[in-house]
Amino acid sequence: MKKGILTLLLALFVTTLALPLTALADDAATPPPASDPSGASIGTAADVIGATAGAPTKEEMEALSPKEPLAAKLADVVGHNRIAINMVWTLICGFLVMFMQAGFALAETGFTRAKNAGHTMAMNMMVYGIGMLGYWICGFALQMGGVGGVATLGGAQALANEFTITIGGNEFGLFGTTGFFLSGVSYDAVIFSVFLFQMVFMDTTATIPTGTMAERWTFKSFVIYAFFISMFVYPLYANWVWGGGWLSVLGKMYALGHGVVDFAGSSVVHMTGGVASLAGGIVLGPRLGKYREDGTPVAIPGHHIPMAVAGCFILAFGWFGFNAGSTLAGGDLRIGVIAVNTMLASAAGAFSSMLYMWTFYGKPDISMSANGLLAGLVAITAPCAFVNSVSAVIIGGIAGLLLCVSVFFVERTLKVDDPVGAISVHGVNGAFGLLCVGLFADGTYGDALNGVAGGVTGLFYGDGSQLMAQLIGIITNFVFVFIVMYAFFKVLNMIIPIRVKPEHELEGLDQHEVAVSAYPEFVLQKTHR
């Protein structure tokens, strides 16, 4: 059975490698939009227009060119350099987000037991590679294939095909149809850069459930999951918010603020991962020994808290790429505000969760404080560009408290075993972060976002319609992601059991699932006593 499954996976992988040739043949049948794999022609005088408040207008540039050809050429150089700065900024921030995978690996492994450390690390490593391949096959196309271009990077106009449905005379985008396998017209320097940045965001979502489902999840079912979430679930919701889909146009069509606004992914990335974790945790069930016969939970401490804390610090470092990088423009000086808001919210989250545990349980719990740091980061991710520093501290502080309350609610009331607290960190605070845009956005940033004039403004600054849009985004995310992922795990469990054998769970999954022991020299010995 196992060999048959592995053979099937290998065959599917080899087949997907051949499919780009078909895509190229299809593109050759019709004249494709211009693409530039080398990037030599990207960035012209047109990218100088509107770059700053004092930039020349299109009419001024057209009038200048015949009279001052040298000035026009210099304008081309300036435009190219502007786009180059933005592209370098975007790529470096993408590299920072990629490094967050190491943070997740350390945090999740530290918060779980030593006998499963190799297995947990293996999932965190392979979700990167598997998720990337799935996203390359079709996830990127579904998410960004209809975005219509990325102005700050001077290109990606080939990504202009969105599958839509018409309701009441309005078009609602559902998914993109350009960019499969990054082939054909997608062979473009800007599109490849956008792929890298968007891929590492997707990978954050994909890795979140590996924490909730750790210590009892079969590796073969994990592989299927990694392809599924990266190819379909994440890309679809991400398209609706970031790819020109229907949630992003609620402002233009129905005057609901700027539509659903999620600057760097509180809902797109974190809530999606958290809700998927909830669905998986319910289907998978708790670890053996987690609950007594009367239903009361039993604490199962992580084996390496210093490792987990180090992982959380790595995540906090990478988060600067996550949030500030979402400008996709190094020349957007709002990046300083975004970075500081990110820092402050993380500090407030760690501090408030520490105070909560100290007040109600007598000691400051460092593991809860570390997760509080992450909770503050998750909550500020959506509103980071639209709020001031006071709001950032308030948002982070509330997030830390929400984390503590939610962890105990999930464990004691829902009876869902979440070894690392991912449902609370990412799911609950992802929803809270999206809500915060509709509450705390102060109107100083976001003009023309999603085609709506004026800055993004929340309820506390006079615009309740933005809050309505955010609520629609939260409800949509939970309903879509939970139903799809719950059904997926249920069906997958009928085909490939997602739970390891009880005897393997008791012994530890390292040897049984991934044939490696994280700590081969650690031997538990009993004395004569």
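Looking at heavy atoms from C-beta onward, Phe181 lies out of side-chain contact with Ser186 at the 4.5 angstrom threshold. Taking the side chain as every heavy atom from C-beta outward, Gln466 and Thr457 never approach each other to under 4.5 Å. Contact annotation: the side chain of Tyr237 approaches that of Ser267 to within less than 4.5 Å [non-hydrogen atoms, C-beta and beyond]. A 4.5 Å side-chain heavy-atom check between Val428 and Leu403 finds every atom pair outside the cut-off. Contact annotation: the side chain of Asp203 never approaches that of Tyr135 to less than 4.5 Å [non-hydrogen atoms, C-beta and beyond]. Annotation: side chain of Met357 is not in contact with side chain of Ser369 (no heavy-atom distance under 4.5 Å). When side chains are defined from C-beta on, Val78 does not count as touching Asn81, because their heavy atoms never get closer than 4.5 Å. Contact annotation: the side chain of Phe104 never approaches that of Val420 to less than 4.5 Å [non-hydrogen atoms, C-beta and beyond].
Counting non-hydrogen atoms of other residues, nucleotides and ligands closer than 6.0 Å to CE of Met468 gives a total of 12 or fewer. Counting heavy atoms of neighbouring residues, nucleotides and ligands inside a 6.0 Å radius, atom CZ of Phe480 exceeds 12 of them. Summarising the local packing, CZ of Phe408 is surrounded by more than 12 heavy atoms from other residues, nucleotides or ligands at distances under 6.0 Å. Annotation: Met121, atom CE; neighbour count of heavy atoms from other residues, nucleotides and ligands within 6.0 Å is above 12. A 6.0 Å sphere centred on CZ of Phe320 holds more than 12 heavy atoms belonging to other residues, nucleotides or ligands. The neighbour count for Phe99 CZ, taken as heavy atoms of other residues, nucleotides or ligands under 6.0 Å away, does not exceed 12. Counting heavy-atom neighbours within 6.0 Å of Met307 CE, excluding the residue itself, gives a total above 12.
Judged by distance alone, the side chain of Asp262 and the main-chain N or O of Val268 form a donor-acceptor pair under 3.5 Å. Between the side chain of Asp447 and the backbone N or O of Gly455, no donor-acceptor pair lies under 3.5 Å. Under a 3.5 Å cut-off, the side chain of Asp188 and the backbone N or O of Pro37 do not form any donor-acceptor pair. Formation of a donor-acceptor pair under 3.5 Å by the Thr205 side chain with backbone atoms of Gly273 is not found in this model. A distance-only check finds a donor-acceptor pair linking the side chain of His258 to the backbone of Val452 [under 3.5 Å]. Although no hydrogens or angles enter the test, the distance criterion places no donor-acceptor pair under 3.5 Å between the side chain of Ser326 and the main chain of Ala264.
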Going by atom type alone, with no hydrogens or angles, which donor-acceptor pairs under 3.5 Å involve a side-chain atom of residues 165-175 and a protein atom two or more places apart or on another chain?
{"from": "Asn170", "atom 1": "ND2", "to": "Tyr254", "atom 2": "OH", "distance (Å)": "3.4"}

Name the atoms and distances for all side-chain donor-acceptor pairs under 3.5 Å in residues 244-251, with sequence neighbours left out.
{"from": "Ser248", "atom 1": "OG", "to": "Gly245", "atom 2": "O", "distance (Å)": "2.6"}

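Residue Ser406 comes nearest to Ser424 through the heavy atom pair OG-OG, 2.7 Å, listed as atom of the first residue, atom of the second, then distance. Among all heavy-atom pairs drawn from Gln143 and Trp242, the shortest one is NE2-CE3, 4.0 Å. Annotation for Asn341 and Val387: closest pair ND2-O, 2.9 Å, computed over non-hydrogen atoms. Across all non-hydrogen atoms, the minimal contact from Val269 to Ile208 is O-CD1, 4.1 Å. Of all non-hydrogen atoms in Ser353 and Gly400, the two that sit nearest each other are CB-O, 3.7 Å. Contact record, Met87 with Ala189: CE-O, 4.3 Å, taken as the closest heavy-atom pair.
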For a side-chain hydrogen bond (donor to acceptor under 3.5 Å, both in side chains) check, start with the C-alpha distance between Asn161 and Thr178, then their side-chain angles and the critical distance, and finish with the verdict. CA-CA 6 Å; Asn161 299 301; Thr178 302; 2.6 Å; yes
Would you please test Phe322 and Phe201 for ring-ring contact (aromatic ring centres under 6.0 Å, His included) and show each step? CA-CA 8 Å; Phe322 219 103; Phe201 275 54; 4.3 Å; yes
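A distance of 6.0 Å separates CG of Leu459 from CG of Leu439, quoted to the nearest 0.5 Å. To the nearest 0.5 Å, the span separating CD1 on Ile395 from CG on Leu377 amounts to 12.5 Å. Distance CZ/Phe263 to CG/Leu434: 14.0 Å, rounded to 0.5 Å. Residue Leu196 holds its CG atom at 9.5 Å from CE of Met98, rounded to the nearest 0.5 Å. Residue Leu467 holds its CG atom at 5.5 Å from CG of Leu435, rounded to the nearest 0.5 Å. A distance of 8.0 Å separates CG of Asp365 from SG of Cys404, quoted to the nearest 0.5 Å.
Using a 3.5 Å distance cut-off with no hydrogens or angles, the side chains of Asn239 and Glu162 do pair a donor with an acceptor.
Partner of Phe222 under the ring pair (Phe, Tyr, Trp, His ring centres under 6.0 Å) criterion, chosen from Phe227, Phe489, Trp217: Trp217.
By the 30° and 60° cut-offs, the orientation of the rings of Trp319 relative to His270 is parallel. Using a 30° and 60° split on the angle between ring planes, Phe478 and Phe482 fall in the parallel class, below 30°. Using cut-offs of 30° and 60° on the angle between ring planes, the pair Phe488 and Tyr225 is tilted.
Residues Phe440 and Phe460 place their aromatic rings such that the two centres sit under 6.0 Å apart.
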